[in-house]
K.L.:
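Sharing a structure here in structure tokens format.
Whatever order the structure lists them in is the order used to number ligands and atoms, beginning at 1.
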Amino acid sequence: MEDFATVDAKASDIIEQSDNDLETTPGSGIRTGEQYLAGLRDDREVWTQGKRVADVTAEPGMMRGAATLASFLDNQHKDEFRDTVTYVDSDGDRCAMAYQQPKSHEDVKARGRAYYQWAKWSNGMFGRTPDYKNASLMAFASATSFLAQGTKGQADFADNMVKFYDFARKNDKVLTHTLVNPTFNFQQAASGKFSNQVALQVVEENDAGIIVNGARLLATLGPLADEIEVFPSTVLRASDDNVPFAFAFAIPIATPGLKLICRDTYDHGKSTFDAPLSSRFEEMDAVVVFENVFVPWERIFMYGQPELCNQAFGATNAVVHMMHQVACGKLAKSEFLVGILCAIAQASGRDKDLHTKGLIAEVMQMTETVRALLYSAEAQAHEDEHGNFIPLRGPLETSRNLYPRMYPRMIEILQLIGSSSLMATPAEADFANELAPDIEQYFQLSYMESRDRVSLFRLAHDVAISGFGTRQALYERFFFGPPALMASGYFDLYDKQPLIGRVEDFLGQE
Ligand SMILES: Cc1cc2nc3c(=O)[nH]c(=O)nc-3n(C[C@H](O)[C@H](O)[C@H](O)COP(=O)(O)OP(=O)(O)OC[C@H]3O[C@@H](n4cnc5c(N)ncnc54)[C@H](O)[C@@H]3O)c2cc1C
């Protein structure tokens with residue numbers, strides 16, 4: 001196998017091909033869906049099903065996800081949503097709310113309302129809406145004193161970040177991110193080291209920037225994003241070996257040498273009746289391969305300092321703002337699950353059944369747990385060291401540690417209650433062929449006509465059984481990283497000493 005450190009990158013060739021200007025047009029701000037789709041028609045290298053995609057906005061299996069996100073961007077302009085999901089900046093430009101630096105309790109709550117609104121457009125089923133990355137970018141751009149510690153030679157990393165934030169904010173860019181190196185060997189990964197053969201690393205540095213080679217997991221929305229943040233994984237051991245793996249930068253998806261290798265699509269071209277979620281919310285995941293990719297200094301925010309990279313998300317409080325966005329999205333998603341379960345129970349009269357009610361109550365309680373944690377975090381918002389107001393971290397940490405277990409249980413309950421009805425799902429076309437009388441007769445429920453019943457269970461199927469639904473469950477399990485590592489981090493952060501002290505006091509120990 002090839003060791004990337006030995007690849008002879010031709011920096012000058014690559015620099016000439018690269019268009020990395022961080023332009024900020026005066027009078028700009030939120031884009032329309034059409035503007036977003038036009039931006040995706042570039043020279044990006046996206047691969048699916050054995051072929052290179054010519055245009056992601058026209059590619060079956062991707063284009064309906066792109067159209068959905070375009071419709072969400074259009075929503076930003078509508079009277080009923082505009083004041084919730086956008087704000088007007090000091091230049092008078094209307095920008096996405098997640099970019100606003102929160103300076104009060106009320107600002108934190110306004111961000112929460114915007115996140116929740118974005119999530120409700122898909123009922124949480126389009127996970128990677130742009131507000132997630134926007135929130136993180138806002139936090140990084142606020143933490144200039146932290147980023148300035150890494151400044152190297154001529155490159156002013158804090159200034160780079162502020163300029164990139166303004167560029168993304170004023171141009172309403174859609175971002176994805178990739179944080180995780182592929183695991184080549186578990187022992188190596190567990191000891192905080194990476195493989196030269198697979199992990200993304202710097203192979204050359206020159207006056208204009210750096211050249212990187214290797215792969216990263218996994219860019220959700222990658223093919224449908226404008227830009228990709230390539231930020232540090234949080235488990236770098238602070239050693240010289242890890243210096244080539246320590247960096248944070250952002251580049252356009254259409255950067256030469258950047259390839260996205262997609263998983264199979266879950267949008268098989270079915271009608272919205274037949275596949276209510278996968279026909280609309282296919283956000284696509286892709287492994288990202290970097291082949292001698294040139295990154296100019298202006299787009300680098302951290303470099304060559306593993307210890308600093310390890311602190312990046314915590315020290316900037318980006319993780320808190322990201323967890324806030326996520327908790328709002330999970331609330332919208334959980335509420336939708338409760339709605340589906342109650343609709344199913346009501347249609348058959350099982351809403352009077354003790355066992356069914358008990359199972360649905362469990363989902364309701366999980367939903368209310370997320371709501372309570374979110375409320376607790378927002379109500380205890382406080383000013384941070386970067387001059388922003390942030391929700392209290394503890395409740396959001398609890399929510400993000402619980403949800404990877406809650407969501408699979410919600411899906412299990414939907415399977416238990418849905419049972420064989422999740423399979424009794426004739427297609428929309430069967431309502432218009434010779435089967436129609438049979439379907440009208442045999443698929444009805446005491447409180448629901450056949451067509452509505454099939455429609456409801458097709459939705460439940462797409463949530464709990466289909467490829468789309470199964471991927472959603474995997475997504476929730478691994479959203480913020482391996483659950484064992486997350487729990488270990490939670491343990492470390494928890495304020496344990498006062499509680500140990502109480503035990504010692506009780507026992508009369510020193
Ligand atoms: C649908 C989906 C979308 C994703 N989207 C993105 C994205 O947009 N951007 C992005 O950067 N990443 C994304 N990811 C990747 C996600 O961050 C990783 O899956 C997650 O961090 C786990 O890493 P891994 O998959 O390499 O699993 P591994 O680290 O290989 O873990 C595999 C198993 O081993 C366990 N394990 C791992 N390390 C240890 C340890 N030290 N001790 C004990 N047990 C351990 C884990 O708990 C897990 O059960 C996505 C993943 C999925 C499934």
K.L.:
Compare all side-chain heavy atoms of Q100 with those of M138 and state whether any distance is below 4.5 angstrom.
P.N.:
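A side-chain contact under 4.5 Å is absent here.
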
K.L.:
Is any side-chain heavy atom of H177 less than 4.5 Å from a side-chain heavy atom of S136?
P.N.:
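They are not in contact (no side-chain heavy atoms under 4.5 Å apart), so the answer is no.
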
K.L.:
What is the nearest protein non-hydrogen atom to atom 17 (O) of ligand 1, stated with its residue, atom name and distance?
P.N.:
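So the nearest neighbour among protein heavy atoms is V180 CG2, 3.6 Å.
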
K.L.:
With the threshold set at 4.0 Å, does a side-chain nitrogen-carboxylate oxygen contact exist between D462 and R458?
P.N.:
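Salt bridge flag = no for R458 with D462.
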
K.L.:
Going through the checks in order, is the side chain to side chain donor-acceptor pair (under 3.5 Å) test met by D172 and Q35?
P.N.:
CA-CA 10 Å; D172 202 17; Q35 288 170 320; over 6 Å; no

K.L.:
Which residue and atom name correspond to the protein heavy atom nearest atom 50 (C) of ligand 1, and how close is it?
P.N.:
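I find the closest protein heavy atom is L218 CD2, 3.7 Å.
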
K.L.:
What protein heavy atom is closest to atom 16 (C) of ligand 1, reported as residue, atom name and distance in Å?
P.N.:
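Of every protein heavy atom, F478 O, 3.8 Å lies nearest to atom 16 (C) of ligand 1.
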
K.L.:
Evaluate the ring planes of Y475 and F479, with Trp represented by its six-membered ring, and classify them as parallel (under 30°), tilted (30 to 60°) or perpendicular (over 60°).
P.N.:
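The arrangement is perpendicular - the two ring planes meet at more than 60°.
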
K.L.:
At what distance is the nearest protein heavy atom to atom 11 (O) of ligand 1, and which residue and atom is it?
P.N.:
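Nearest neighbour among protein heavy atoms for atom 11 (O) of ligand 1, to 0.1 Å: L179 N, 2.8 Å.
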
K.L.:
If the threshold is 4.0 Å, N to carboxylate O, is there a salt bridge linking K330 and E476?
P.N.:
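A salt bridge is present here (some side-chain N lies under 4.0 Å from a carboxylate O).
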
K.L.:
Applying a heavy-atom cut-off of 4.0 Å, say which part of F186 lies close to ligand 1: side chain, backbone, both or neither.
P.N.:
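Only the side chain of F186 comes within reach of ligand 1.
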
K.L.:
Give the atom numbers and elements of ligand 1 that come within less than 4.0 Å of a heavy atom of L485.
P.N.:
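With L485 as reference, the close atoms of ligand 1 come out as 40 (C), 41 (N).
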
K.L.:
Looking only at protein heavy atoms, identify the closest one to atom 5 (N) of ligand 1 and say how far it is in Å.
P.N.:
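The protein heavy atom lying closest is T220 OG1, 2.7 Å.
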
K.L.:
Relative to the heavy atoms of D285, which atoms of ligand 1 are at a distance of less than 4.0 Å?
P.N.:
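So the atoms of ligand 1 that pass are 3 (C).
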
K.L.:
Flag yes if more than 12 heavy atoms outside Y490 fall under 6.0 Å of its OH atom; otherwise flag no.
P.N.:
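Yes, because the 6.0 Å sphere around OH of Y490 holds more than 12 heavy atoms from other groups.
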
K.L.:
Hey, does the Lys NZ or Arg CZ of R400 hover above the aromatic six-ring of F480, less than 6.0 Å from the centre and inside 45° of the axis?
P.N.:
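Verdict for F480: a cation-pi partner in R400.
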
K.L.:
Any atoms of ligand 1 less than 4.0 Å from a non-hydrogen atom of T178? List them with their elements.
P.N.:
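Every atom of ligand 1 under 4.0 Å from some heavy atom of T178: 11 (O).
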
K.L.:
Considering all protein heavy atoms, does one lie under 4.0 Å from atom 9 (N) of ligand 1?
P.N.:
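Under 4.0 Å from atom 9 (N) of ligand 1, at least one protein heavy atom found.
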
K.L.:
Under 4.0 Å from ligand 1, counting heavy atoms only, is it the side chain of R128, its backbone, both or neither?
P.N.:
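Looking at R128 and ligand 1, just side chain atoms fall under 4.0 Å.
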
K.L.:
What do you reckon, does Y475 have a nitrogen or oxygen under 3.5 Å from a nitrogen or oxygen of ligand 1?
P.N.:
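There is no such contact.
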
K.L.:
Does the protein place any heavy atom closer than 4.0 Å to atom 25 (O) of ligand 1?
P.N.:
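Protein heavy atom within 4.0 Å of atom 25 (O) of ligand 1: absent.
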
K.L.:
Any idea which protein heavy atom is nearest atom 28 (P) of ligand 1, and the distance to it?
P.N.:
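That would be T183 OG1, 4.5 Å.
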
K.L.:
Go through ligand 1 atom by atom and flag the ones less than 4.0 Å from a non-hydrogen atom of L474.
P.N.:
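Under 4.0 Å from L474, ligand 1 has these atoms: 53 (C).
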
K.L.:
In terms of the angle between their ring planes, are F164 and F301 parallel, tilted or perpendicular, with boundaries placed at 30° and 60°?
P.N.:
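Geometry flag for F301 against F164: tilted rings.
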
K.L.:
In terms of side-chain geometry, is the basic nitrogen of D166 or R169 positioned less than 4.0 Å from the acidic oxygen of its partner?
P.N.:
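Salt bridge flag = yes for R169 with D166.
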
K.L.:
Taking the six-membered ring for Trp, are W118 and Y132 ring centroids under 6.0 Å apart?
P.N.:
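No, ring centres 6.0 Å or more apart.
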
K.L.:
Please state which protein non-hydrogen atom is closest to atom 31 (O) of ligand 1 and give its distance, to 0.1 Å?
P.N.:
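Atom 31 (O) of ligand 1 sits closest to the protein heavy atom P482 CG, 4.5 Å.
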
K.L.:
Does atom 33 (C) of ligand 1 have a protein heavy-atom neighbour under 4.0 Å away?
P.N.:
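Protein heavy atom within 4.0 Å of atom 33 (C) of ligand 1: absent.
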
K.L.:
Going by the closest heavy atom to atom 20 (C) of ligand 1, which one wins out of G481, G222, S488?
P.N.:
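Answer by nearest heavy atom: G481.
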
